[in-house]
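Starting from 1, each residue takes its place in the sequence as its number. What you see is a predicted model; the values in this text were computed from it and never measured. Indexing begins at 1, ligand by ligand and atom by atom, following the structure's order.
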Amino acid sequence: MKQDVRALSLDELRAFFIEQGEKPFRGNQVYQWLWQKGIHDFEGMTNLSVPIRALLETHFSINHIAIDTQQKSKDGTLKNAVRLHDGLIVESVLIPTATRSTACVSSQVGCSLDCTFCATARLKRMRNLNPDEIYDQVMAMDQQSRMYFNRPLSNIVFMGMGEPLMNYKNVVAAIDKITDPSGMGMAPRRITLSTSGIPKMIKKLAEEYPKFKLAVSLHSARQSIREQIMPFAKTFPLEDLLEALHYWYDTTKSRVTFEYVVWEGINDTAEDIDALVAYCHQVPSKVNLIQYNSIGDAQFKQASNAKVAEYQQALESKGIVVTIRNSRGSDIDAACGQLANKTQV
Ligand code: SAH
């Protein structure tokens, strides 16, 4: 099988051309086509001679993603079903607001974790995405944003399918290209990694990539409750998470955002609210109260607006910043927790 040309670094591409008796700057040209212009085939690399394109063809392939289907929500949100070279599918979502275009990107096919309220967790984890498969999703949505909204992407959130910190190496390799001035050149502070809370990997991220934004899917600050709805949390208890978040803040000076859904009968008591306020008090943080998007499980029901307001008041009275996020794209199953390749099933 031919090697995917996009597994090569710029230096390796230059070395390839030297080996072939060509000028090394050909490597820079190929790199630009691949990473700045997002081209999918060697034929389109028009500043290279025909024999050089043929040379590339005999040595390499380009395993580019293909957009299989696109669905558009009433609210303008665009969901892509993305076909990978081996036929597997992931989903990615472009979310426009008046001033911004946010790309919500997948990092795994399925997910390593087992959150009971999330549709993606019901798919088995098939594999990690490669760096270029992550990059391609971003590039495709950048093009869509330019086409539909006349502007480039403004933000990227790793809130699609999968747990980004369980595919750390490939996620950061993709982001290196996304932030590289010879790639898309996006500022790291416009990129948010959302994790269910893997303490060791949060520390590693703090050390290696302190400029990214971090979001943690908390959903309960009581260990006994969190374990019920997010069973993997037995392995990663709240105390260890807190310790890692201290490390994150000390290293990056950037506040974590806690993502939190309030469910009726699950985390809607005064005790739950107090636990969250106490947890937030221990580390500089903000809270994003997100709306539950139904995945057809009777066990989970969004709490009333009054309950959500109680949470908000309790947090704000202690000086903790709270935002209430309305869901986007739920009519096409594009909202948080709903990505499950339904159109393919
Ligand atoms: N695995 C990462 C990335 C996924 S982000 C993480 O857990 O953070 C997707 C966000 O949507 C997470 O905060 C997740 O907890 C939340 N979520 C999952 N299912 C949901 C649902 N049905 N309704 C609303 N939010 C949900």
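- Not a single heavy atom of Met230 sits closer than 4.0 Å to an atom of ligand 1.
- Scanning the protein heavy atoms around atom 24 (C) of ligand 1, the nearest turns out to be Gln291 O, 3.3 Å.
- Residue His219 holds the heavy atom nearest to atom 15 (O) of ligand 1 of all those in Met161, His219, Glu259.
- Residue contacts with ligand 1 for Val216 are absent, since no atom lies close enough (heavy atoms, distance under 4.0 Å).
- For the pair Arg222 and Glu271, the salt-bridge criterion is met [side-chain N within less than 4.0 Å of a carboxylate O].
- Side-chain contact annotation: Glu207 with Thr251, donor-acceptor N/O pair under 3.5 Å absent.
- For the pair Arg328 and Ser73, the minimum side-chain heavy-atom distance is 4.5 Å or more.
- Contact check for Phe117 versus Asp297: no side-chain heavy atoms found under the 4.5 Å cut-off.
- Polar contact check, Gly162 against ligand 1: a nitrogen or oxygen pair lies under 3.5 Å apart.
- Put simply, the side chain of Met161 reaches to within 4.5 Å of the side chain of Leu123, judged on heavy atoms.
- For Glu239, the CD atom counts as loosely surrounded, since its 6.0 Å shell holds 12 or fewer non-hydrogen atoms of other residues, nucleotides or ligands.
- For atom 12 (C) of ligand 1, the nearest protein heavy atom (residue, atom name, distance) is Ser217 OG, 3.1 Å.
- Of the candidates Ile202, Val157, Ile175, Leu193 forms a side-chain contact (heavy atoms from CB on, under 4.5 Å) with just one, namely Ile175.
- The single protein non-hydrogen atom nearest to atom 2 (C) of ligand 1 is Ser194 O, 3.3 Å, given as residue, atom name and distance.
- When only non-hydrogen protein atoms are considered, atom 26 (C) of ligand 1 lies nearest to Cys336 O, 3.6 Å.
- In terms of protein heavy-atom proximity, atom 7 (O) of ligand 1 is nearest to Ser196 OG, 2.7 Å.
- Counting protein heavy atoms only, atom 23 (N) of ligand 1 is closest to Asn293 N, 2.9 Å.
- Remark: the Gln137 side chain and the Glu133 side chain contain no N/O donor-acceptor pair separated by less than 3.5 Å.
- At least one heavy atom of Gly160 lies less than 4.0 angstrom from ligand 1.
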Quiz item: Run the ring-ring contact (aromatic ring centres under 6.0 Å, His included) check on Trp35 and Tyr135 step by step: do they pass?
Solution: CA-CA 9 Å; Trp35 299 111; Tyr135 183 89; 4.8 Å; yes
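- At the top of the distance list for atom 9 (C) of ligand 1, counting protein heavy atoms only, stands Met159 O, 3.7 Å.
- In terms of protein heavy-atom proximity, atom 19 (N) of ligand 1 is closest to Gly337 CA, 3.1 Å.
- Here is the list of ligand 1 atoms found below 4.0 Å of a heavy atom in Cys118: 18 (C), 19 (N).
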Practice problem: Assess whether ring-ring contact (aromatic ring centres under 6.0 Å, His included) is satisfied between His219 and Phe258, documenting all intermediate values. | Solution: CA-CA 8 Å; His219 303 307; Phe258 291 125; over 10 Å; no
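- Polar contact check, Phe117 against ligand 1: a nitrogen or oxygen pair lies under 3.5 Å apart.
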